[in-house]
Participant: 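So that we are looking at the same thing, I have put the structure below in structure tokens.
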Number of protein chains: 2
Amino acid sequence: MSPKHQGTDETVARILTEALRVHAERGHEGFTMKAVIAATGMSSGSLYHHFGSFDGLAAALYARCMADLLDTLLDALDGITDAQEGVEAATRAYLSFTRERSDAARFIHTSAYAAFLPEHAAVIAELKTPRIAKLVAWMVPHVAGGRVARLSPVMMEMLLIGPVAETARRWLSDPSAVDLDEATAVLPPRIWASLQP
Amino acid sequence: MSPKHQGTDETVARILTEALRVHAERGHEGFTMKAVIAATGMSSGSLYHHFGSFDGLAAALYARCMADLLDTLLDALDGITDAQEGVEAATRAYLSFTRERSDAARFIHTSAYAAFLPEHAAVIAELKTPRIAKLVAWMVPHVAGGRVARLSPVMMEMLLIGPVAETARRWLSDPSAVDLDEATAVLPPRIWASLQP
DNA sequence: TGTACATCAGTGAACGCGCGTTCACTGATGTAC
DNA sequence: TGTACATCAGTGAACGCGCGTTCACTGATGTAC
């Protein structure tokens, strides 16, 4: 619709990619506007032009990481019709995302508590809501068919991602504290068990 | 051993109590040395005298909150010999701690990612380790007796506290997003199911 | 086609602010002899 | 008992630093007529 100069989206994507690297390399304390400016080689004015504020940049990055994670779960469910197989595939996908995209996983878990400004929260919801809806839609027939307990979506989510999210958090803060291979083997069937009618 | 002036421990406790209130009222962003100084009415020098640094104060507060949480779980297990009854009591205790001591719960969950300086981490471990050991000790005979699956302590912890910790986090960031009463009814038996041999 | 104007990505020096921290100090209490 | 000294809780003005943010600007590209 509105005319976009060539390279705008690419610039935004490049800034976010560099910002994620800064966060991974320098930690949450070292994740500052100054550090992102230094890493991208861009000017502060340019970052403000694209994101409005540092909070806006962080929210955009969070939205992108969260969308990546949810897409990973959706990909894992793609084509799977068996309820148990799907639940176990999704939980394994969560753990493998944690390992393989640990930068994104770290940013998600670190920022989950940082309340973004309302306007930025809306941008996040815009990316998040449709993906969550797809996940719920996958589950619906299995609940209707009596293969999964009839729980509220929130309780379902707590039981499904609680153990793997906690495992991810623990591993991200200390990789020696928990073995991801062990978690991948142990957790999925037990999470499935917790969802039985 | 070393002579202590009257009131020292009381002063430290009072500072920590006020610091927790500051964190609850002003949020993580507003949790600053300046704000704690204003809330306690003490001087910055006095806070440095007792805690060495702001990181030291935060670590001491985290240690106290975590000890309170673990003591709550231990109290819930006190006198219970049945495995299922104990597991369900502990998970319910976690949720009721979240509701009733929400300031402490919020500080725990917010700080869990903030890596404290090594020296302060040691102080935390000193309070935490013996309590974790007691929890593990409670579980041992039930594993030996075949009533609970023979899992590594970490996996056991992920399955046990994963769903309730995730519920707590969600509720703390948005109380309307999850119903703690529902969680108290729904989660305990399902967590128990996930621990079956 | 040429000219004038609008749009927008990107620049970078400068800003004020609030942060954690320092340090020379006071005064009350405990200890030695 | 009295005197001298040590210890330690607590004071508060002052510090430097790095933060997010601002703003007047440049220059390339798109649009109108």
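Excluded from the calculations below are hydrogen atoms, water molecules and symmetry mates; all remaining heavy atoms, backbone and side chain alike, are included. Residue numbers begin at 1 in each chain, while the letters A, B, ... track the order of the sequences.
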Participant: Scan every strand shown for a Watson-Crick or G-U wobble partner of D:dC25, both distances under 3.5 Å, and answer none if you come up empty.
Facilitator: C:dG10
Participant: Compare the minimum distances between each of D:dT22, C:dC19, D:dC19 and the side chain of B:T32, then state the nucleotide with the smallest one.
Facilitator: C:dC19
Participant: Should C:dG20 form a Watson-Crick or G-U wobble pair with both distances under 3.5 Å, which nucleotide is its partner?
Facilitator: D:dC15
Participant: Grab the CG-C1' distance between A:L117 and D:dG20 for me, whole Å please.
Facilitator: 13 Å
Participant: What about A:I132 and A:V148, same hydrophobic cluster or not, with Ile/Leu/Val/Met/Phe/Trp/Tyr joined at side-chain heavy-atom distances under 4.5 Å?
Facilitator: yes
Participant: Would a hydrophobic clustering, with Ile, Leu, Val, Met, Phe, Trp and Tyr connected at side-chain separations under 4.5 Å, put B:L117 with B:Y62?
Facilitator: no
Participant: Separation of A:E29 atom CD from C:dC19 atom P, in whole Å?
Facilitator: 14 Å
Participant: Touch check for A:S53, heavy atoms < 4.0 angstrom, all strands: base, sugar-phosphate only, or nothing?
Facilitator: sugar-phosphate
Participant: To the nearest Å, how far apart are B:K34 NZ and D:dA14 P?
Facilitator: 13 Å
Participant: Tell me: CG of B:D55 to P of C:dT21, nearest whole Å?
Facilitator: 8 Å
Participant: Expressed in angstrom and rounded to an integer, what is the separation of A:F31 atom CZ from D:dG18 atom C1'?
Facilitator: 16 Å
Participant: Checking base pairs now: Watson-Crick or wobble, both atom distances under 3.5 Å. What partners D:dT1?
Facilitator: none
Participant: Can you check the B:F51 CZ to C:dT22 P distance for me, whole Å?
Facilitator: 16 Å
Participant: Between A:W192 and A:Q84, is any side-chain donor less than 3.5 angstrom from a side-chain acceptor?
Facilitator: yes
Participant: For residues B:I15 and B:T40, report the shortest heavy-atom separation together with the two atoms involved.
Facilitator: CA-CG2, 4.0 Å
Participant: Looking at C:dT11, does its base get a donor-acceptor pair with the side chain of A:S44 below 3.5 Å?
Facilitator: no
Participant: Which of these nucleotides, C:dG10, D:dG10, D:dT21, is closest to any side-chain atom of A:M42?
Facilitator: C:dG10
Participant: Below 4.0 angstrom from OP1 or OP2 of D:dC8, is there any side-chain N or O of B:T8?
Facilitator: no
Participant: Let me know the distance between CG of B:L47 and P of C:dC23, rounded to the nearest Å.
Facilitator: 18 Å
Participant: Starting from the 5' end of DNA chain D, give me the residue, A:M33 or A:G45, whose nearest nucleotide shows up first.
Facilitator: A:M33
Participant: Could you check whether A:R21 pairs with A:D103 (Lys NZ or Arg NE/NH1/NH2 to Asp/Glu carboxylate O, under 4.0 Å)?
Facilitator: no
Participant: Which residue lies toward the 5' end of DNA chain D, B:H50 or A:Y48, if each is placed at its nearest nucleotide?
Facilitator: B:H50
Participant: Ignoring backbone atoms, establish whether A:S43 has a side-chain N or O less than 4.0 Å from OP1 or OP2 of C:dG12.
Facilitator: no
Participant: In whole angstroms, how far is the P atom of C:dT22 from the CZ atom of B:F54?
Facilitator: 15 Å
